Amino acid sequence: MAAATKSNASAAKIYDTFIVGAGISGLCAAIKMKKEGYHDFKIIEKATRVGGTWRENTYPGCGCDVPSSLYSFSFALSSKWSHLFARQPEILSYLEEVSEDFGIKELIEFGTELEHAEWDESRHLWVLDTKTGEEKGQTLARTVVFATGPITEAQIPSLPGLDSFKGEMFHSAQWNHDYDLTGKRVAVIGTGASAIQFVPQIQPKVKELHVFQRTAPWVLPKPDMDLGDTSKQLIEKLPIIQKSWRKAVATSLNVINFGLRNPAALQPVSTAAKQLLRVQVKDKTLRKAVTPDFTLGCKRILFANNYYPALQADNANLIPHGLVEVEGNTVIAANGERHEVDVIIWGTGFEVSHPPIGRKVIDANGDRLSDLWKDTSPEAYLGATMKDVPNAFLVLGPNVLVYDSFIGLAEAQLDYIIDGLKKVKEKGITRFAIKPQVLRAHNDKVQKHLKTTVFNSGGCKSYYLDQNGRNFAAWPWSLKELKKRLSRFKVGDYEVVYQSAEKKKAA
């Protein structure tokens with residue numbers, strides 16, 4: 001780091017903690033820190049409002065596939081959900097309401113993006129360069145919480161001839177609401193969680209709908225229903241209903257998680273789902289095309305009641321192959337099938353194996369994290385701390401995903417992080433970094449136990465696996481075990497430097 005930079009920053013305020021992002025994780029971090037009497041922190045958000053992925057994804061039909069009773073913070077239960085499965089607008093509204101109710105919104109520096117974060121070993125500080133509009137600034141912090149989320153960067157494949165396409169084109173996470181799809185010929189690329197929600201919404205409007213499917217997903221019926229004003233009022237008056245409902249949903253998800261860890265247990269569900277397909281999809285050719293060829297749960301289980309009906313509409317055409325090339329306005333499938341279209345909508349998900357935050361973070365060795373991750377996916381200890389990245393936490397990092405609410409996972413991980421921040425302050429720790437042997441032992445054990453889970457043994461190539469086939473995302477044990485491991489920050493797992501030692505060194 002240049003000496004001039006150090007000189008210019010020498011008089012700058014040093015925050016105890018710097019929080020990057022004001023989505024689910026960032027808001028939860030700030031609320032929990034305030035609750036613990038921890039006020040010397042700064043939180044930035046590149047957008048102009050809170051919400052993270054629920055702010056960015058506004059495609060038609062966007063909603064949560066985890067029951068709404070579980071999709072709220074444990075300290076801020078909501079009785080306002082309109083359905084058993086919440087819609088995107090009300091989830092965003094909920095997060096905005098929480099940010100105001102807990103006094104967090106006024107603390108957020110909106111429209112401010114992190115450009116560069118570098119560890120200064122000489123001072124045991126993070127130097128964070130930010131940009132607000134055209135203005136650049138610099139912040140110093142003793143610790144950093146990267147709450148940037150695992151699904152933030154839309155992924156669009158690079159295909160031959162794509163530059164020649166003259167029609168409208170956008171990703172589901174960047175939906176162009178100003179463009180009218182009525183009467184248009186539309187190609188939808190991908191059949192993941194987003195596509196099965198927006199395809200039924202746009203199908204009645206378009207002239208032609210061509211859905212490109214590389215791999216048929218498991219789509220199970222969605223037990224959704226309108227809650228109505230009476231139900232919402234009852235839930236509000238009797239909190240015990242909300243808590244009981246939440247507990248019941250959590251129990252059912254635990255059962256699913258058991259099945260994901262023990263694939264044979266899900267076989268009856270797989271059999272029933274295939275039988276149900278015979279009722280849902282009458283056409284034998286289409287039914288064969290939408291029948292998955294891998295074990296239930298290997299890829300994300302999807303829930304919808306209107307997806308199969310949409311595919312069977314007269315104007316819909318499922319192409320059981322990936323898109324491989326574009327010639328002008330003609331899209332070409334892997335089997336050579338060609339269609340001329342006016343619009344391409346990418347339902348191709350996000351870059352999750354290599355979190356975008358890695359491009360902005362420089363570790364204690366002066367290496368950019370994204371460079372270290374070029375040939376492999378990142379590793380972390382309990383998804384929170386990384387090798388040679390001192391005094392920093394990553395929320396919802398590698399290998400903590402359990403089939404549950406992201407809100408619940410973030411809360412569990414932030415309990416660990418906040419406990420760590422408290423101990424760092426109480427014990428006068430100026431530098432902490434996960435011990436390499438602790439990190440290695442943890443990840444070796446995780447990878448060993450993942451081998452028998454459905455994610456690794458179910459016969460599919462999911463986004464949980466990186467280019468080398470390594471599972472960088474899933475947690476191989478129960479949610480209960482994850483919460484147990486995250487319940488306490490063990491200082492002994494870390495290499496630490498204490499303030500007293502620093503003073504002696506300076507003397």
Side-chain angles (χ1 to χ4, degrees), residues 53-65 87-89 151-217 219 286 289-290 299-300 302-335 337-352 463:
T53 188
W54 294 110
R55 178 193 61 239
E56 299 300 317
N57 286 269
T58 61
Y59 58 81
C62 182
C64 191
D65 58 6
R87 277 46 173 171
Q88 175 269 336
I151 46 175
T152 58
E153 188 158 298
Q155 184 171 255
I156 297 178
S158 178
L159 298 175
L162 194 57
D163 291 343
S164 68
F165 186 69
K166 303 302 180 184
E168 179 66 21
M169 182 167 58
F170 52 85
H171 191 278
S172 61
Q174 300 155 346
W175 197 273
N176 184 357
H177 291 278
D178 294 329
Y179 186 83
D180 187 3
L181 293 172
T182 303
K184 300 295 192 298
R185 299 166 300 177
V186 180
V188 171
I189 317 304
T191 53
S194 300
I196 70 151
Q197 291 186 338
F198 73 72
V199 161
Q201 302 300 317
I202 67 173
Q203 174 269 316
K205 301 178 182 179
V206 305
K207 180 180 179 181
E208 297 175 9
L209 179 64
H210 304 283
V211 180
F212 286 74
Q213 169 198 276
R214 284 193 306 178
T215 307
V219 183
L286 179 60
V290 298
K299 292 172 76 90
R300 182 175 174 180
L302 307 179
F303 296 91
N305 300 322
N306 51 7
Y307 178 65
Y308 290 139
L311 292 184
Q312 296 172 85
D314 291 339
N315 64 338
N317 171 37
L318 178 77
I319 303 168
H321 300 277
L323 176 68
V324 296
E325 189 177 353
V326 177
E327 286 183 4
N329 277 29
T330 300
V331 289
I332 306 170
N335 67 337
E337 190 171 338
R338 303 164 67 95
H339 295 279
E340 188 169 340
V341 298
D342 307 302
V343 188
I344 295 177
I345 303 177
W346 301 99
T348 43
F350 302 85
E351 173 52 71
V352 290
Y463 73 81

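The structure displayed is predicted, hence computed values, not measured ones.
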Enquirer: Quick check for you: to the nearest 0.5 Å, what is the distance between Ile332 atom CD1 and Arg338 atom CZ?
Expert: 4.0 Å
Enquirer: What are the two closest heavy atoms between Phe212 and Val331, and how far apart are they?
Expert: CZ-CG2, 3.7 Å
Enquirer: Can you name the salt bridge (Lys or Arg N to Asp or Glu O under 4.0 Å) partners of Glu325, sequence neighbours left out?
Expert: none
Enquirer: Please walk me through it: do Leu286 and Tyr308 pass side chain to side chain contact (heavy atoms under 4.5 Å, CB included)?
Expert: CA-CA 10 Å; Leu286 179 60; Tyr308 290 139; over 6 Å; no
Enquirer: Decide yes or no for Val341 and Val186: does some side-chain heavy atom of the first lie under 4.5 Å from some side-chain heavy atom of the second?
Expert: no
Enquirer: So which atom in Cys62 and which in Trp54 form the shortest heavy-atom distance, rounded to 0.1 Å?
Expert: SG-CZ3, 3.9 Å
Enquirer: If we check side chain to side chain contact (heavy atoms under 4.5 Å, CB included) with Met169, which of these qualifies: Ile156, Ile344, Asn176?
Expert: Ile344
Enquirer: Could I get the full list of side chain to side chain contact (heavy atoms under 4.5 Å, CB included) partners for Thr348, not counting sequence neighbours?
Expert: Pro157, His171, Ile189, Trp346
Enquirer: Can you name the side chain to side chain contact (heavy atoms under 4.5 Å, CB included) partners of Asn315, sequence neighbours left out?
Expert: Gln203, Val206, Ala313
Enquirer: Between Ile319 and Arg214, is the side chain to side chain contact (heavy atoms under 4.5 Å, CB included) condition met? List the steps.
Expert: CA-CA 8 Å; Ile319 303 168; Arg214 284 193 306 178; over 6 Å; no
Enquirer: Kindly determine whether Arg185 and His339 satisfy side chain to side chain contact (heavy atoms under 4.5 Å, CB included), including the steps that lead there.
Expert: CA-CA 9 Å; Arg185 299 166 300 177; His339 295 279; over 6 Å; no
Enquirer: Between Asp180 and Lys205 (salt bridge meaning N to carboxylate O under 4.0 Å), is one present in this structure?
Expert: no
Enquirer: With a 4.5 Å heavy-atom cut-off, do Phe165 and Asn329 have their side chains touching?
Expert: yes
Enquirer: What heavy-atom pair brings Ser172 and Gly347 nearest, and what distance separates the two atoms?
Expert: OG-CA, 4.4 Å
Enquirer: Just wondering, do Lys184 and Tyr179 contact through their side chains at under 4.5 Å, heavy atoms?
Expert: yes
Enquirer: Going through the checks in order, is the salt bridge (charged side-chain N to carboxylate O under 4.0 Å, His left out) test met by Lys207 and Asp342?
Expert: CA-CA 10 Å; Lys207 180 180 179 181; Asp342 307 302; over 6 Å; no
Enquirer: Only pairs at least two apart or in different chains count here, so list each salt bridge (Lys or Arg N to Asp or Glu O under 4.0 Å) that has a residue in residues 159-178.
Expert: none
Enquirer: In Å and rounded to the nearest 0.5 Å, what is the CG to NE2 distance from Leu323 to His210?
Expert: 12.0 Å
Enquirer: Cut-off 3.5 Å, no hydrogens considered: what does the side-chain donor-acceptor table look like for residues 191-200, sequence neighbours left out?
Expert:
from, atom 1, to, atom 2, distance (Å)
Gln197, OE1, Tyr59, OH, 2.6
Gln197, OE1, Gly63, N, 3.2
Gln197, NE2, Gly63, O, 3.1

Enquirer: Under the criterion side chain to side chain donor-acceptor pair (under 3.5 Å), I'd like the reasoning laid out for His177 against Thr58: C-alpha separation, chi angles, the key distance, then a yes or no.
Expert: CA-CA 9 Å; His177 291 278; Thr58 61; 2.8 Å; yes
Enquirer: List the steps and the verdict of side chain to side chain contact (heavy atoms under 4.5 Å, CB included) for Asn317 and Val211.
Expert: CA-CA 6 Å; Asn317 171 37; Val211 180; over 6 Å; no
Enquirer: Nearest 0.5 Å, please: how far is SG in Cys64 from CD in Gln88?
Expert: 11.5 Å
Enquirer: Going by side chain to side chain donor-acceptor pair (under 3.5 Å), name the residues that satisfy it together with Asp314, two or more places apart in sequence or in a different chain.
Expert: none
